[in-house]
Amino acid sequence: MGYSTIFQGETRRLDILDMNGKVDRKAMPDIDQDQLMALYRSMRRMRTFDEKALKMQRQGRIGTYGSLRGQEAAQAGLAVHLSEDDDWLIQSFREHGILMARGVPMHTIYAYWKGDERGNLADRGIRCLPPSVPVGSQLLHATGIGIGLRKRGLPGIAVGFAGDGATSEGDFHEALNFAGVFRARTLFYIQNNGWAISVPFQKQTAAKTIAQRGHAYAVPAMQVDGNDVLAVYEASRIATDHIRNNHGPYLIEAETFRMGDHTTADDHTRYRSPDLVAHWAARDPIDRMRKFLIKEKILSHADDEAMGESLTAEIEAAVKDLESMPPPDPMSIFETMYAKKPWYLEEQQAMLRSELGSRAQESGS
Amino acid sequence: MSEKTQKLTLIQGITQALRQEMERDAHVLILGEDVGRDGGVFRATDGLIEAFGDERVMDTPLAESGIIGISVGLAAVGYRPVAEIQFMGFIYPAMNQILAHVARFRHRSRGRIPMPLVIRMPYGGGIHAPEHHSESYEAMLANTPGLTVVIPSTPYDAKGLLTAAIRSDDPVIFMEPKRIYRSFREDVPATDYEVPLRQAVVRRTGTDVTLIGYGAMMRPVMEAAEFLARESVSAEVIDVRTVMPLDIETILASAEKTGRVVIVHEAPGRNGFGAELSALIAERALLHLLAPVQRVTGFDTVFPFAMMEDHYLPHRGRIVAAVQRTLAF
C-alpha cells in the first residue's frame, strides 16, 4: 500500500572526439586507420556536394535546396554500419549525405532539388524510400518496414530519419509506440540540429533530450555528440547490433547543428545570433576529425589537399551527369498513378500531348 | 454454373473474402483496433486470429495514423495489408498518411513501390450510433488521385469486390455500408471470385429516368424504383460500386437513354460526389437530357444524433419527389 517507485531510468550520452581533435582513448571504438580515413573522406565528400549545391542554387541551376552543412558526422558515422543489400533507409529530406554514402548516384540527388521527379529515386536495389516532406510521417513507414523485416525473418533493418521538429509530431510517438509493441527491426535516428526552421529545440519541448523519450515506449535510446564521427560510429554500431540481434527497436539522438539556412528559401540570420553560429563552427565535425588525423599522423596536409581535389572532380562529374540528363518527359506524370491508367488520365494525357504538339509546331521545331 | 453457394449477409461476405485471401496468399495481413481477439467491433474479422495467429491478424495500439503508416511500411516490404479503421468518422488522424503517402507512393517511387493495401471501414448512418460514427467521406477521398474508392451494396459484391481489392496492386479504400451489414442475405459462391473494380452495374433496367446510388442508399433507391413502377414510371437503377476511378460508360449510356438522372448519396450535397457525377453528365450528355440532373443527398449539416438521423438520410419519398421534378420539367 502507499507509494512505491514504479519507474526509474537513465539516459546515456556518448562523446569520444572533442572539438580540438582529442579522443577519449577508453571510449575509442575498435577501428583501423583505413576506416578512420574513410569516415573523414565520407564527410568531406558530403560537404563538397553540399557546397556545390548551394552554388548551383544561387546560379539558378537547381531549385530550393536544404543544406546539410554541420551534419556530416551524424550521417557518415551511421552509414558505414548499414548494408546496401539488406537495410532500408527511410529518409526525411536532409539525408543527402547518407544517400551518397550508400551509393545513390549524386546527380540524382541534385535532380531531386532541381525539381526533376526522376530524382525521387526509390530504387528497390538500394532500398531507400524517396524523401518525405510531411515532417515525421515517414517514421511510421520505418516502423512498418521494421515489423515486416522481423515477420519475414530477413536480415535487414530499417532506419527512419527525422529532425528535432518532427519529434513534436504525433507520428513520432506512434512510430515508437508501435515499434515497441511489435518489436520492429527499426532504428529511429533523430538528428537534433537544434532548429526547426526558426524554432529552437528549447521551444520544441520542455524535455531536456529526445533520447530520454525512449523510456516512454520501452525503446532503448542514447544521445550522442552528432558532430563527433567516432561517437556516432560507436553509438550506431551498438544500436544496429542490438536490432540485428532481434532485441527490438532503438532510438539515437545525434545532437548537432544546422550551420546554414533551413533551405535556400530561408534566412537564418533573422532568428539566430552570429555568436551561436560561431560557437558551433568551432565544433565543426570535419575540422575536429582532421585535427585528430593529422595529430595521429594518419593524414598529411598534402594528402588532405589531394583528397579535396579528387572530391571536387567527382562532384563536377556528377554535375555534368545532372546537366546532361534530357528533360523529363511530361507524359510521365500520368504513367505511375495507377497500375492501369483510368479513362480520365488517358484523356488528360492526350490533351497535354496535343498542347505540346501544337506548341512544337508554333516554334517550328 | 453448378458452384456451391451459401446464403450470406454483407458482413459475412467480407469475412469470407478476408479468410479466403489469407488462405490463398501468405502476404495478406490484417491490422487494426480490436480486429484480433474481439473479431472487430462489427465482427468482420471474426475467427481470423484463431485461424491465422497474431502475426497475421494484428491487434494494434489505438492510433489511426499509426495503423495506416505502418501499413505503408509493410506494403513496401512485400505484404498486402488489410487495415481496418473502426469507423469512417475516425479516419481524420490517418488522412495525412492516406493523402500524403498511400495515394502517392507508386508515383513518388517512379512505379517501383506500389501500395497494394486495402483500408476497410464501416461508413454511413442509420444504426442510431453515437456522434462521429455515421459519416460518409467518399468525396474527400475520391478527390485524391491514386486512390481507388469502392463501396459495395450487396453480400455478393462485398465478397467479390473485397477480393479484387486485396489482389489489386493499387491502394483501395473499401467503405462498408454498416447499416446493411446484416439486413439481408443472398446467394454467394463458396469459392473465391472477383467482382471487377471500376465497373458500375445496372441493377434494374428502365426507360424514363436513371437513378444512381451506391452502398446503403441502394435500398431506398430500389424501393423508389419499385414505387415508381407502380406509378407507371420506368426507372433504371445504377449501382456505382467504384466511386473512383469511375465507370463513366455505364452512367452515360443510361443517361443518354432515359434523359433524366437522379443521383442519391447520404453524404452532404455541396461538393459531394453527386456534384462530380452531375458535371460529367452535363459535359458529355447534355443534349440527351430532358431535365436538369437532380441530387438527393444528406443535408449540409453535421450528421445528426440518433434521434434525428432519419430526417437527415435520403429516403424513398425524397427520391420519388426528385424523379417527379425531372418528369415535370
Side-chain angles (χ1 to χ4, degrees), chain A residues 88 90 117-125 127-152 154 156 158 160 169-171 173-182 184 186 332-345, chain B residues 26-27 29 31 54-56 58-79 81 93-94 96-97 99-101 103-117 145-148 168-171 197-198 242 244-249 280:
Chain A
W88 285 74
I90 299 90
E117 293 187 2
R118 291 170 297 180
N120 232 350
L121 188 80
D123 190 326
R124 272 197 177 281
R127 296 183 195 286
C128 97
L129 300 192
S132 175
V133 172
V135 168
S137 58
Q138 71 281 357
L139 292 175
L140 282 165
H141 311 161
T143 298
I145 290 173
I147 295 170
L149 293 171
R150 176 185 60 72
K151 281 184 191 294
R152 296 187 60 176
L154 292 171
E169 293 278 4
D171 280 354
H173 153 75
E174 293 187 24
L176 267 83
N177 192 44
F178 275 68
V181 170
F182 294 116
T186 302
S332 70
I333 63 178
F334 302 101
E335 293 298 339
T336 45
M337 288 309 305
Y338 292 92
K340 182 171 170 284
K341 223 180 290 166
W343 58 269
Y344 46 87
L345 288 185
Chain B
H27 296 101
L29 301 178
L31 69 162
D54 64 2
E55 285 288 347
R56 293 189 64 198
M58 300 161 68
D59 269 323
T60 66
L62 204 167
E64 289 78 11
S65 184
I67 292 166
I68 304 306
I70 71 165
S71 296
V72 170
L74 288 164
V77 291
Y79 285 103
N96 186 40
Q97 288 293 335
L99 272 50
H101 293 298
R104 299 167 73 110
F105 233 100
R106 174 187 286 279
H107 190 70
R108 293 178 62 231
S109 63
R110 318 300 302 143
R112 290 185 177 93
I113 306 179
M115 278 291 124
L117 69 92
L147 296 181
T148 297
S168 163
D169 284 335
D170 289 321
L197 307 179
R198 302 186 186 185
T242 297
M244 168 93 169
L246 175 69
D247 172 3
I248 187 69
E249 282 175 22
L280 281 169

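Residue numbers start from 1 in every chain, and the chains themselves are labelled A, B, ... in the order their sequence lines are given, proteins ahead of strands. Bear in mind that the values here come from a model prediction, so they are computed numbers and not experimental data.
The 12-atom threshold is exceeded at CD of Glu55(B), counting heavy atoms of other residues, nucleotides or ligands nearer than 6.0 Å.
Per-residue counts of heavy-atom pairs under 4.5 Å with chain B were compared for Ala339(A), Ala158(A), Gly148(A), Pro342(A); the largest is that of Ala339(A). With chain B as partner, the option from Thr143(A), Asp171(A), Val181(A) having the largest number of non-hydrogen pairs under 4.5 angstrom is Asp171(A). Between chain A and the residues Ile67(B), Leu29(B), Ile68(B), the largest count of heavy-atom pairs under 4.5 Å involves Ile67(B). Listed options Arg150(A), His141(A), Glu174(A) were ranked by heavy-atom pairs under 4.5 angstrom with chain B; first place goes to His141(A). Most heavy-atom pairs under 4.5 Å with chain A: of the set Leu31(B), Leu147(B), Val72(B), Asp170(B), this distinction falls to Asp170(B). Listed options Met115(B), Arg56(B), Arg104(B), Met244(B) were ranked by heavy-atom pairs under 4.5 angstrom with chain A; first place goes to Met244(B).
Leu129(A) is not listed as a side-chain neighbour of Ser109(B), based on a closest heavy-atom distance of 4.5 Å or more. Proximity of Trp343(A) to Glu249(B): side-chain heavy atoms (C-beta onward) are nowhere separated by under 4.5 Å.
Contact of Ala175(A) with chain B is not made at all, since no heavy-atom distance falls under 4.5 Å. Of the atoms belonging to Arg152(A), heavy atoms from both backbone and side chain fall under 4.5 Å from chain B. The contact between Leu280(B) and chain A is made entirely by side chain atoms (from C-beta outward), counting heavy-atom distances below 4.5 Å. Looking at Arg106(B), both its backbone and its side chain come within 4.5 Å of chain A, counting heavy atoms on both sides.
No side-chain N or O of Gln138(A) forms a donor-acceptor pair with one of His101(B) less than 3.5 Å apart.
No donor-acceptor distance shorter than 3.5 angstrom exists from the side chain of Thr242(B) to the backbone of Leu197(B), with no hydrogens or angles considered. Between the side chain of Trp88(A) and the main chain of Thr186(A), no donor-acceptor pair closer than 3.5 Å is present.
The CG atom of Asp169(B) lies 11.0 Å from the CG atom of Leu117(B); values are rounded to the nearest 0.5 Å.
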